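A short worksheet on the structure shown next.
From a predicted model like this one, the values you see are computed outputs, not experimental measurements. Throughout, protein chains are lettered first and strands after them, A, B, ... in sequence-line order, and every chain is numbered starting at 1.
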Amino acid sequence: MNIVQLIREAVADSIKNLYLESDNNLDFQINQTKPEFEGDYTIVLFSLVKALKKSPEMIGQELGEALIKKNPELFDTFNIIKGFLNLTITDAYWKSLLLKNHNDICFGKQAMNGEKVMVEYSSPNTNKPLHLGHLRNNFLGWSVAEILKASGYEVLKSCIVNDRGIHICKSMIAWQLYADGATPESTHKKGDHFVGDYYVKFNDVYKAQIAELIASGSTEADAEKQAPIMQKTQQMLQDWEAGVPDVMQLWQKMNGWVYEGFDVTYKSIGSNFDKTYYESNTYLLGKDIVQEGLEKKVFYKKEDGSVWIDLTADGLDEKLVLRKDGTSVYITQDIGLAKQKYDEYKIDQSIYVIGDEQNYHMKVLKLIAQKLGLPYADDIYHLSYGMVELPTGKMKSREGTVVDADDIVAEMKATAQQHTETLGKVKDFEANELIDLYETIGLGAMKFYLLRVDPKKKMIFNPEESIDFHGFTGPFIQYTFARINSILRKEPNFKATPSNETFLKLEKEVIYNLEQFGGIIMESAKTLNPSVLANYLFHLSKSFNSFYTEHSIGNAESEDKKNLRIQLSMMTANVLKNGMQLLGINVPNRM
RNA sequence: GGUUCGGUAGCUCAGCUGGAUAGAGCAUCAGCCUUCUAAGCUGAGGGUCAUUGGUUCGAAUCCAAUCCGAAUCACCA
């Protein structure tokens, strides 16, 4: 149990003993005491004033005395300022917390709770390489999965690959028309980039053909339909669905190239999945559910044979769920896949990490599932995140303003190398150690940068100002860890003993922050928000760094002081390392 | 037009289940390396929390209206 919970129970208990006979709990707030006042935690008394019909000062006095009398091991002193009861926690409490947990690598993690969650993220298209937006998605998905694990869930990471459809045929057609047999090998290109180039090529040609048609008198809408390259693409999609061997072969070949490229990218960012779904296998799913919906009269059929659901009563529109030719649409497939996930893994919750542009779609998905009375309907959760934008606006693949994932990762590593070399602290590193280090720092900076802001907000990425390595950044936290490590290396035989020292202000701040780790994990898990954790780790690092500069650890004033400070250092190192791990970020032993 | 989300320091963001004088980082300025790693530490300046009204002991936080921005409202996925 964390300290806020302890305080809450103690206060509730004392209120009951002092003022109430019945069991009705009064609501009160516990805050961290502001630095300008004396104390650790603060009970806000105003909410009690009305119910107890006493002045805040009197409640504070009585409550404070009762708390100390009843819980002398927890509360040391108290003071009352206006309506605030500031409580100081005993050094004994902090010291025993520290002694017990300083070397516990599981500190802050929860026991398994028996629930199973699937987190779906990444969801790439196989017609172009991953970009910065995918990175935010990947890092978020990964981190949320890890955070959920740490708070007691069994987690499955899954990925749905959009490997079929008109957009895939576009790059296939362009390759067929313009590649002249070129391959990733023959051009020395990474497969996903190679295929992506033909997707761009398609759009260039398509645009030119539209312009030509418009110039010769077509309307824009007609031109878009009649452009020869688009017609070929439509034909190819039909051939694909019919299973024409040539087309299937080409499709497999080009997708193979893309997967090779993706593998490299995923490996380089440290991402993987427990289960990968392919849309080419799932796009027919959901049709039986449509039938079921018709029988339950949740759906209805129009004269032309298309099937719809009316969501106007819920403030949405009428949505198509099956085309008149009997083929399924996006939403139908998604309902089918949701069912498959549930049937296959018996999951208690299904989290979809998808951009906020799909808020409407996901709302419809959940609503349809609910109306159909599907058992997992309420457990569908859309973790919606904002787009990554450039200072100039949205990234557009057609305008070449996309920040490529491989490029940015490479750039971050290079920047890490450059910074490190400038500082000149790694002269004794082996070559392969250096490569690891640059990767750890570069990726750490990148991941932290994308995870430190609230996922649901859109964020602006300025490629001109490269990602920082100072201040509120991944490397700052990594550096703090490396410094601690450098101290601990000198104390290989350290064995903690109970301390008789009292905490100095900066020492107290560190243990105070450390205590919160478990609560922070729980909050990040509850809100599916890694930025809570990122902010916490930064805050903890700052507090440790202040302590570190002010007080010597290795040459402490006494052996007992040293014992206490090494415990503080060890526990900080553990929390930083485990916390960063939950963000998908490694920490180096030296940097 | 409907729906949803957002607007806090020059910039990027915390804080939003109402609580004490609104916080970080970057940038700017001034200090700190002969002692555990200066990717660090200490300090200064910088705010009409979009606007207006309401709720209350108390509002950046809740409510309403307005202004600005974004997403979405496809027989695309």
Side-chain angles (χ1 to χ4, degrees), chain A residues 27 29 31 33-34 36-37 42 44-47 49-50 56 81-84 86 123 125 160 162 164-168 279 283 302 304 306-308 314-317 319-325 327-331 333-334 355-361 363-364 384 386-387 389 391 393-394 416 419-420 422-423 425-426 441 445 449 452-454 456-462 465 468-480 482-491 531-532 534-535 538-539 541-542 544-556 562 565 569 590-591:
Chain A
D27 197 34
Q29 221 178 84
N31 295 341
T33 304
K34 302 232 165 201
E36 56 269 34
F37 302 101
T42 296
V44 182
L45 300 168
F46 297 105
S47 61
V49 169
K50 239 180 218 165
I81 296 172
K82 293 197 271 178
F84 302 93
N86 300 321
S123 313
N125 292 332
I160 169 87
N162 295 308
R164 51 136 256 134
I166 191 78
H167 53 300
I168 307 299
E279 201 193 298
Y283 82 109
K302 286 195 176 172
D304 65 0
S306 57
V307 181
W308 296 73
D314 299 279
L316 305 176
D317 311 272
K319 291 294 293 184
L320 177 90
V321 294
L322 202 67
R323 296 191 188 97
K324 64 182 174 212
D325 62 7
T327 57
S328 56
V329 292
Y330 183 33
I331 195 90
Q333 301 165 28
D334 272 358
D356 60 8
E357 62 203 357
Q358 303 219 32
N359 285 354
Y360 180 79
H361 172 78
K363 204 167 161 184
V364 170
S384 164
M387 297 288 105
E389 291 184 8
K394 264 189 99 168
H419 274 253
T420 308
T422 309
L423 290 169
K425 294 191 212 171
V426 292
I441 298 175
Y449 182 87
R452 70 181 196 186
V453 309
D454 187 337
K456 70 171 185 287
K457 292 193 180 176
K458 74 168 187 208
M459 63 182 295
I460 293 171
F461 173 77
N462 190 344
E465 304 163 13
D468 227 301
F469 284 60
H470 302 271
F472 185 22
T473 67
F476 173 89
I477 295 167
Q478 292 172 323
Y479 178 68
T480 308
R483 283 214 300 199
I484 296 174
N485 235 262
S486 142
I487 294 169
L488 296 180
R489 264 197 302 273
K490 292 173 187 146
E491 309 287 342
S531 78
V532 172
N535 275 282
F538 171 66
H539 193 70
S541 298
K542 260 202 98 57
F544 185 88
N545 284 332
S546 297
F547 154 68
Y548 171 96
T549 351
E550 195 64 31
H551 305 292
S552 178
I553 295 161
N555 296 315
K562 183 171 168 181
R565 287 183 185 161
S569 305
R590 295 196 294 161
M591 70 186 275

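Comparing B:rA22 with B:rU61, their P atoms sit 14 Å apart, to the nearest whole Å. Here, B:rA50 and B:rU12 have their P atoms 15 Å apart, quoted to the whole Å. Comparing the C1' positions of B:rC16 and B:rA60 gives an interatomic distance of 7 Å, to the nearest angstrom. Rounded to the nearest Å, the gap between the C1' atom of B:rG6 and that of B:rG15 is 16 Å. Spacing of P atoms, B:rG2 relative to B:rG54, comes out at 27 Å, to the nearest Å. Look at the P atom in both B:rC5 and B:rC41: the space between them is 38 Å, to the nearest Å. When the P atom is used for both B:rC49 and B:rG10, the distance is 12 Å, rounded to whole Å. B:rA59 and B:rU17 have their P atoms separated by 15 Å, with the value rounded to a whole Å.
In this structure, the NZ atom of A:Lys394 is 8 Å from the C1' atom of B:rA71, given to the nearest Å. Across the protein-nucleic acid pair, A:Lys363 atom NZ and B:rG2 atom C1' stand 11 Å apart, rounded to whole Å. The CD-C1' distance, from A:Gln358 to B:rU3, rounds to 16 Å in whole Å. Protein atom NZ of A:Lys34 is 9 Å distant from nucleotide atom P of B:rG19, rounded to whole Å. Here B:rG1 presents its C1' atom at 12 Å from CG of A:Asp317, a figure rounded to the nearest Å. Atom-to-atom, NZ of A:Lys319 to P of B:rU72 comes out at 13 Å; the value is rounded to the nearest Å. We find that CZ of A:Arg590 is positioned 16 Å from P of B:rC36, with the value rounded to whole Å. Spacing between atom OH of A:Tyr360 and atom C1' of B:rA74 amounts to 10 Å, rounded to whole angstrom units.
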Assess whether side-chain contact (heavy atoms from CB on, under 4.5 Å) is satisfied between A:Phe84 and A:Val44, documenting all intermediate values. CA-CA 5 Å; A:Phe84 302 93; A:Val44 182; 4.1 Å; yes
Please assess A:Arg565 against A:Ile487 for the test side-chain contact (heavy atoms from CB on, under 4.5 Å), listing each intermediate value before the final yes or no. CA-CA 11 Å; A:Arg565 287 183 185 161; A:Ile487 294 169; over 6 Å; no
Verdict with supporting geometry, A:Lys542 and A:Phe476, side-chain contact (heavy atoms from CB on, under 4.5 Å): CA-CA 9 Å; A:Lys542 260 202 98 57; A:Phe476 173 89; 3.9 Å; yes
Could you walk me through whether A:Ile160 and A:Ser123 pass the side-chain contact (heavy atoms from CB on, under 4.5 Å) check? CA-CA 5 Å; A:Ile160 169 87; A:Ser123 313; 3.6 Å; yes
Side chain to side chain donor-acceptor pair (under 3.5 Å) between A:Ser384 and A:Asn359, intermediate numbers included: CA-CA 7 Å; A:Ser384 164; A:Asn359 285 354; 2.8 Å; yes
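Here the nucleotide nearest the side chain of A:Phe538, chosen from B:rG25, B:rU37, B:rC76, is B:rG25. Of the candidate nucleotides B:rA20, B:rC76, B:rC26, B:rC76 has the atom nearest to the side chain of A:Ile166.
Classification of the A:Tyr449-A:Phe461 ring pair by plane angle, with boundaries at 30° and 60°, yields perpendicular. Between A:Phe472 and A:Phe538, the ring planes lie tilted relative to each other; the angle falls in the 30° to 60° range.
We find the CD-OG distance between A:Gln478 and A:Ser541 to be 10.0 Å, quoted to the nearest 0.5 Å. Rounding to the nearest 0.5 Å places CD1 of A:Ile331 at 4.0 Å from NE2 of A:His361.
Both A:Asn125 and A:Phe547 lie near RNA chain B, and the one whose nearest nucleotide falls closer to the 5' end is A:Phe547.
Figure legend. B:rA64 is base-paired to B:rU52; pairs are counted as Watson-Crick or G-U wobble with both atom distances under 3.5 Å. A 3.5 Å limit on both hydrogen-bonding distances identifies B:rG69 as the Watson-Crick or G-U partner of B:rC5. Base pairing of B:rG43 is made with B:rC29, judged by Watson-Crick or G-U wobble geometry with both donor-acceptor distances under 3.5 Å. B:rC76 is unpaired under the criterion used here, namely a Watson-Crick or G-U wobble arrangement in which both key atom distances are under 3.5 Å.
Residue A:Thr42 is classed as a base contact, given a heavy-atom separation below 4.0 Å to a base. Contact annotation for A:Asp334: no contact, since no heavy-atom pair falls under 4.0 Å across all strands. Counting any heavy atom pair closer than 4.0 Å across all strands shown, A:Asp304 reaches a base atom.
OP1 or OP2 of B:rU37 lies within a sub-4.0 Å distance of a side-chain N or O belonging to A:Ser486.
Aromatic ring centres of A:Phe547 and A:Phe544 lie closer together than 6.0 Å.
Because its glycosidic torsion is within 90° of 0, B:rC33 is reported here as syn.
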B/S/- contact track for nucleotides 55-62 of chain B, protein heavy atom under 4.0 Å: --------
With B for base contact, S for sugar-phosphate-only contact and - for none (protein heavy atoms under 4.0 Å), nucleotides 6-18 of chain B reads SS----SSS-B--
Quick one, give me the B/S/- string for nucleotides 38-46 of chain B, reading 5' to 3', where B means a protein heavy atom under 4.0 Å from the base and S means that only happens at the primed atoms, P, OP1 or OP2. SBSSS----
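At a threshold of 4.5 Å between non-hydrogen side-chain atoms, the residues A:Thr473 and A:Tyr479 do not count as touching. You'll find the side chain of A:Leu423 stays beyond 4.5 Å of the side chain of A:Met591, heavy atoms only.
Using a 5.5 Å limit on the distance between ring centres and a 30° limit on the angle between planes, the aromatic ring of A:Phe84 counts as stacked on the six-membered base ring of B:rA20.
We find that A:Lys302 and A:Asp304 are not joined by a salt bridge, their nearest charged nitrogen and carboxylate oxygen being 4.0 Å or further apart.
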